[in-house]
Amino acid sequence: MLQRLMSRRSFLLGIVGVVMSTMLTLWGCGGGGGTSSYSQSVTTTSAPAIIDAVTLKKWIDEGKLNAPFGTKDRVVVVSPSTTADWTNKGHIPGAVRWDTNEFAMTRVEGLAAAGNMMPTGSMMDAIIQRLGIDSNTTIVVSLPKNSTLYYQSLVYLDLRYWGFARNRIKILNAGDDAWEVAGYSLSQDATDKYTASTYSVAQNGTLKDVVRYSIG
């Protein structure tokens, strides 16, 4: 009798173990919900602030570059560039161009008008909407070949000032030069391909004005 009860108990425990194992497996595949979360996992935000060309190429191969809006790990490659550099020097395929004339507005501070000041909110909205940037976008700032790093720093500063999270902004180390050295091709297509967003810097919630000091 005792042996029969022990056998029955072992059988029931075995069934429970199989059921639990199956439930854990399904939960792991489905992310704990009714739909799979694998394709919606965010990996770019955990990367360091300065990334290399190999990392960017991996993200592109994974389909993150210019992914549909709503994709939580989409990537936009921004090149601060003149029209001439965009076509003559080339750019990373799929990148979008932030014109160097859009860095700033003319603002009077102190004794005279200064041309290299922070863009207004409406200016930033126009830029980020044209470039297809939204709340789920990780922005990778590249740079045309043989260009000054100053342009990368200006894009970074503008984005941080207007409230974009630090972990959503990446600098491509050495820009397009590094991309080409890594063996990847540059495009000289003059067309700036993008899908415009409707995002506004007002949705970022917080102005990071601590990153900028007024001349006054």
If we count only N and O atoms by modelled type, under 3.5 Å, do the side chains of Arg168 and Ser135 hold a donor and an acceptor together?
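There is no such pair (donor and acceptor under 3.5 Å, judged by atom type) between the side chains of Arg168 and Ser135.
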Check: Asp134/Thr137 side-chain N/O donor and acceptor closer than 3.5 Å:
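Result is yes, a qualifying pair exists.
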To check you understand the geometry: which heavy-atom pair defines the closest contact between [X] and [Y], and what is its length?
| X | Y | result |
| --- | --- | --- |
| Pro93 | Leu65 | O-CD2, 3.6 Å |
| Ile133 | Tyr199 | O-CB, 3.4 Å |
| Leu186 | Lys145 | CD1-CD, 3.9 Å |

Option passing side-chain contact (heavy atoms from CB on, under 4.5 Å) with Ile51 (candidates Leu56, Ile171, Thr44)
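With Ile51 as partner, side-chain contact (heavy atoms from CB on, under 4.5 Å) holds for just one option, Leu56.
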Given Leu143, Asp158, Leu154, the one that forms side-chain contact (heavy atoms from CB on, under 4.5 Å) with Pro80
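Among Leu143, Asp158, Leu154, the one that satisfies the side-chain contact (heavy atoms from CB on, under 4.5 Å) with Pro80 is Leu143.
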Just so I know, are the side chains of Phe164 and Asn204 near enough to count as touching, which here means a heavy-atom distance under 4.5 Å?
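Heavy-atom side-chain distance check passes, below 4.5 Å.
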Looking at side-chain heavy atoms only, is the closest gap between Arg166 and Arg160 below 4.5 Å?
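Of all side-chain heavy-atom pairs linking Arg160 with Arg166, at least one is under 4.5 Å.
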Whether Gln152 side chain and Leu172 backbone form a donor-acceptor pair below 3.5 Å
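Pair found, side chain donor or acceptor close to backbone of Leu172.
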Polar side-chain atom of Asp177 near backbone of Asn146 as donor-acceptor pair, under 3.5 Å
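It does hold such a pair.
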Parallel, tilted or perpendicular: which fits the ring planes of Tyr184 and Trp179, with parallel below 30° and perpendicular above 60°?
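Because their plane-to-plane angle lies in the 30° to 60° range, the rings of Tyr184 and Trp179 count as tilted.
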Counting only heavy atoms not in Tyr156 (residues, nucleotides, ligands), do more than 12 fall under 6.0 Å from its OH?
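Correct, the count exceeds 12.
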